[in-house]
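Inspection log for the structure reproduced underneath, given as structure tokens.
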Amino acid sequence: NAGVTQTPKFQVLKTGQSMTLQCAQDMNHEYMSWYRQDPGMGLRLIHYSVGAGITDQGEVPNGYNVSRSTTEDFPLRLLSAAPSQTSVYFCASKLGRGAPGNTIYFGEGSWLTVV
Amino acid sequence: AQSVTQPDIHITVSEGASLELRCNYSYGATPYLFWYVQSPGQGLQLLLKYFSGDTLVQGIKGFEAEFKRSQSSFNLRKPSVHWSDAAEYFCAVGPLNNQAGTALIFGKGTTLSVSS
């Protein structure tokens with residue numbers, strides 16, 4: 001049981017490049033989300049998913065793409081990286097619909113710098 | 001609109017003194033409320049959460065929080081602060097749209113410094 005695993009942990013991109021941040025969980029969690037954290041802004045929701053094949057936009061979805069083809073994986077794609085996407089990205093997962101008391105598990109974060 | 005406000009950006013407390021971090025929320029239904037702590041360069045650690053029942057919630061590391069529906073507040077308290085409590089604290093409310101279990105709305109955070 002590895003929890004929520006994010007890769008890579010650190011990445012430097014050039015403006016215009018594309019990349020995918022990986023998030024995997026081995027707990028059979030239905031709910032997964034991506035957040036970005038910027039100084040003084042807290043965590044802001046990018047996209048979330050309530051199960052395989054179902055995704056929706058959060059507060060700051062522009063410039064990001066997601067898909068959920070399996071329960072385990074929830075990759076976040078940057079289509080054309082911009083310096084404004086320099087941030088720390090966190091993935092989260094949780095077991096079970098209708099179970100608000102279940103713990104939300106966060107990954108350790110991915111530090112992305114766009115130059 | 002759903003939102004969370006943490007009015008204090010930075011607080012400094014003497015070691016051994018009491019602490020209260022403020023959190024106000026706007027949410028259309030009964031909220032689920034959380035406090036997380038983050039040390040520099042680290043991930044998020046859940047301190048405590050409120051879903052229903054007793055409005056005074058006990059958490060880890062000696063923290064507690066009180067849910068006050070009439071004031072739309074969920075303030076975090078600790079009776080005696082230790083130097084190791086220096087970190088950034090986030091209040092969060094959710095779930096977004098009453099359905100998405102990991103989709104939370106976070107406040108902008110309060111940085112706690114502890115002086116000796």
Side-chain angles (χ1 to χ4, degrees), chain A residues 3-6 9-10 23 25 27-51 54-61 66 68 71 74 87-111, chain B residues 1-10 21 23-27 29-54 57 59-60 87-111:
Chain A
V4 179
T5 302
Q6 291 184 231
K9 193 169 179 67
F10 300 98
C23 176
Q25 50 86 12
M27 300 173 281
N28 204 29
H29 287 178
E30 293 176 288
Y31 289 138
M32 297 186 75
S33 299
W34 275 104
Y35 294 87
R36 60 176 289 173
Q37 183 179 24
D38 303 291
M41 298 298 293
L43 277 77
R44 292 180 292 170
L45 182 67
I46 305 172
H47 286 284
Y48 63 94
S49 171
V50 299
I54 306 169
T55 64
D56 207 345
Q57 295 182 351
E59 182 183 359
V60 288
V66 292
R68 185 96 181 269
T71 299
F74 191 43
S87 188
V88 183
Y89 292 84
F90 287 96
C91 180
S93 76
K94 176 184 168 182
L95 175 68
R97 295 179 190 232
N102 290 343
T103 299
I104 299 173
Y105 292 82
F106 282 88
E108 295 187 342
S110 295
W111 274 254
Chain B
Q2 298 163 337
S3 65
V4 175
T5 302
Q6 293 180 246
D8 304 304
I9 296 173
H10 191 187
L21 300 182
C23 173
N24 294 98
Y25 66 88
S26 173
Y27 195 80
T30 301
Y32 304 142
L33 295 158
F34 308 81
W35 274 100
Y36 287 89
V37 61
Q38 185 181 38
S39 297
Q42 302 297 310
L44 294 167
Q45 181 179 25
L46 178 67
L47 287 175
L48 47 78
K49 59 187 177 183
Y50 171 80
F51 292 118
S52 63
D54 192 346
V57 181
I60 62 171
E88 190 161 21
Y89 292 79
F90 294 97
C91 180
V93 66
L96 181 68
N97 298 331
N98 297 319
Q99 64 170 340
T102 56
L104 303 180
I105 303 155
F106 283 82
K108 294 184 178 181
T110 298
T111 299

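Just so it is clear, the values below take in all heavy atoms, side chains as well, and ignore hydrogens, waters and symmetry mates. Each chain gets a letter, A, B and so on, in the order its sequence line appears, and its residues count up from 1.
Once rounded to the nearest 0.5 Å, the distance linking CG of B:Leu46 with OG1 of A:Thr103 reads 7.0 Å.
In this view, B:Thr111 and B:His10, B:Glu88 satisfy the side-chain contact (heavy atoms from CB on, under 4.5 Å) rule, not counting sequence neighbours.
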List the steps and the verdict of side-chain contact (heavy atoms from CB on, under 4.5 Å) for B:Gln38 and A:Phe106. CA-CA 12 Å; B:Gln38 185 181 38; A:Phe106 282 88; over 6 Å; no
Apply the test side-chain contact (heavy atoms from CB on, under 4.5 Å) to residues B:Tyr32 and A:Ile104: give CA-CA distance (whole Å), side-chain angles for both, the deciding distance (0.1 Å), then the verdict. CA-CA 12 Å; B:Tyr32 304 142; A:Ile104 299 173; over 6 Å; no
Apply the test side-chain contact (heavy atoms from CB on, under 4.5 Å) to residues B:Leu44 and A:Leu43: give CA-CA distance (whole Å), side-chain angles for both, the deciding distance (0.1 Å), then the verdict. CA-CA 10 Å; B:Leu44 294 167; A:Leu43 277 77; 3.4 Å; yes
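Contacts of A:Tyr35 with chain B are made by side-chain atoms alone, with heavy-atom separations under 4.5 Å and no backbone atom involved. Residue contact with chain B, scored on non-hydrogen atoms closer than 4.5 Å, is absent for A:Trp34.
In terms of heavy-atom pairs under 4.5 Å with chain B, the best-connected choice from A:Glu108, A:Gln37, A:Arg44 is A:Gln37.
Across all non-hydrogen atoms, the minimal contact from B:Ala103 to A:Ser33 is N-OG, 3.7 Å.
Residue-environment remark: CD1 (B:Ile60) exceeds the threshold of 12 foreign heavy atoms within 6.0 Å.
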